[in-house]
Number of protein chains: 2
Amino acid sequence: MPTMTAAQKRSQVKADYDAFLAGCPSRQLLDRISDKWVALILAALGSDGPHPAGDCTGEPQSMRYSELSRRLAGVSQKMLTQTLRSLERDGLVTRTVTPTVPVTVTYELTDLGLSLHHLMRAIKEWAEAHMDEVLGNREEYDTRST
Amino acid sequence: MPTMTAAQKRSQVKADYDAFLAGCPSRQLLDRISDKWVALILAALGSDGPHPAGDCTGEPQSMRYSELSRRLAGVSQKMLTQTLRSLERDGLVTRTVTPTVPVTVTYELTDLGLSLHHLMRAIKEWAEAHMDEVLGNREEYDTRST
DNA sequence: AGTGCCTACTTCCCGTTGGAGAGTAACCCA
DNA sequence: TGGGTTACTCTCCAACGGGAAGTAGGCACT
């Protein structure tokens, strides 16, 4: 009769590994980067001008809260504010308040944010290059299982 | 009395933009990539061997379901299965069932998945390079507001 | 024969997250 | 006084995801 049942052993193994990938330094930043809206905000702040369907290139520029809100169609104000705050906290964007008639708040990428933006740009390019392939795979997979 | 109140106009503007970034081809793939577990699974399948705290490099290899489950400490079985299915659907990983004594299911990166993994590797490197900076920024931000 | 264990899931319950929409502050305009 | 602006904040609720337990199909011990 062992001191540990199989179930207990399983928990033990799990606990042993908990400090493993959870402690990976990439993991914490990965969680931040893989936030639904972070990538889009970076993309928006990294691009300029109104871009025709899907074009996210261009020079970095500062944007107002309302501009971002309009640009990132689908983002709730709550999440936009929240995400911008966390990006500011991480030093990826700067937040500047200008006390004009109605207050104006502008957000801009820092150098750090800009460097991350370059990575995002690469991902966007990958996405555009392989979009068709992925879509094709999905279709095939769906018809196969139907 | 205008035909449109300001509120209605706002909804109108929103609807106009809804088809905008939502239709961006990057957006759909971005949603997939920025899934909490996708990046981690890709990292796991792209690395090999047990790696000491935070080391996610190495050669791609196939892994069993249970291996992944152990490696990605913290993932629920539900999400692991779900995520693997969607990755398979997208053609990023292959799923092979070998009818051994207890069935063995192995997952492996496809070429497409491998190419995405390279991007992930770049992100991991960025994360490691700038982790300290971000952590410093956070600390500063937190002390400032306290 | 019965109990237990294995893998690779699926199912159920429930807490947290995030969206929709209304409310707020501070000020301008008619 | 009523409406407008911007940049939020708050409240309510649906849905996503985690934890734990259940399932199928078969080996292995006793």
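Protein chains get the first letters and strands the later ones, always in sequence-line order, with residue 1 at the start of each. Note that the structure is a prediction, hence the values are computed from the model and not measured.
- When all heavy atoms of A:Gly46 and A:Arg121 are compared, the pair lying nearest together is O-NH2, 3.9 Å.
- A side-chain donor from one of B:Thr106 and B:Thr96 sits under 3.5 Å from a side-chain acceptor of the other.
- The two residues B:Val103 and B:Arg64 have their closest heavy-atom pair at O-NH2, 4.2 Å.
- One can place CD of A:Gln82 at 13 Å from C1' of D:dC8, the figure rounded to the nearest angstrom.
- Remark: C1' of D:dA7 and CD of A:Glu67 are 14 Å apart, rounded to the nearest angstrom.
- No more than 12 heavy atoms of other residues, nucleotides or ligands sit less than 6.0 Å from atom CG of B:Asp111.
- Nearest approach of B:Ser34 to A:Lys36, heavy atoms of both residues: OG-CA, 4.4 Å.
- Atom P of nucleotide D:dA7 and atom CD of A:Glu88 are separated by 14 Å, given to the nearest angstrom.
- The shortest non-hydrogen separation linking B:Ala44 to B:Leu68 is CB-CD2, 3.9 Å.
- Looking at every heavy atom in both residues, A:Leu72 comes nearest to A:Leu40 through CD2-O, 3.5 Å.
- Within residues 101-108 of chain B, the residues approaching DNA chain C are B:Pro102, B:Val103, B:Thr104, B:Val105, B:Tyr107, by heavy-atom distance under 4.0 Å.
- The shortest distance between the side-chain N/O atoms of B:Arg64 and the OP1/OP2 oxygens of C:dA8 is below 4.0 Å.
- Put simply, CG on A:Leu80 is 17 Å from P on D:dC10, counting in whole angstrom units.
- Side-chain proximity of B:Tyr65 to the nucleotides C:dG18, C:dA8, D:dT6 is greatest for C:dA8.
- When each of D:dG18, D:dC8, C:dA20 is scored by its nearest atom to the side-chain atoms of A:Lys78, the top-ranked nucleotide is C:dA20.
- Under 4.0 angstrom from either OP1 or OP2 of D:dT9 there lies at least one side-chain N or O belonging to A:Arg85.
- Formation of a donor-acceptor pair under 3.5 Å by the A:Tyr65 side chain with backbone atoms of A:Gln77 is found in this model.
- For the pair A:Trp126 and B:Leu112, the tightest heavy-atom approach, listed with the atom from each and the gap, is CZ2-O, 3.8 Å.
- With sequence neighbours left out, A:Val38 forms a side chain to side chain contact (heavy atoms under 4.5 Å, CB included) with A:Arg32, A:Asp35, A:Leu42, A:Thr83, A:Leu87.
- In this entry the distance linking CG of A:Leu68 with P of D:dT6 reads 14 Å, nearest Å.
- Each of C:dA8, D:dG18, C:dG18 was ranked by its minimum atom distance to the side chain of B:Arg95; first place goes to C:dA8.
- Between the NZ atom of B:Lys36 and the P atom of C:dG18 there is a distance of 10 Å, rounded to whole Å.
- Taking atom CG of residue A:Asp35 and atom P of nucleotide C:dT16, one finds them 19 Å apart after rounding to whole Å.
- The phosphate of D:dC16 has neither OP1 nor OP2 within less than 4.0 Å of any side-chain N or O from B:Trp37.
- Rounded to an integer number of Å, the gap from CE of B:Met79 to C1' of C:dC9 is 15 Å.
- Closest contact between the side chain of B:Gln77 and the listed nucleotides D:dA21, D:dA7, D:dG17 involves D:dA21.
- Residue B:Ser66 has no polar side-chain atom (N or O) positioned under 4.0 Å from OP1 or OP2 of C:dC6.
- Rounded to 10 degrees, the angle separating the terminal helix axes of the helix from C:dA1-D:dT30 to C:dA30-D:dT1, each built from five base pairs, is 20°.
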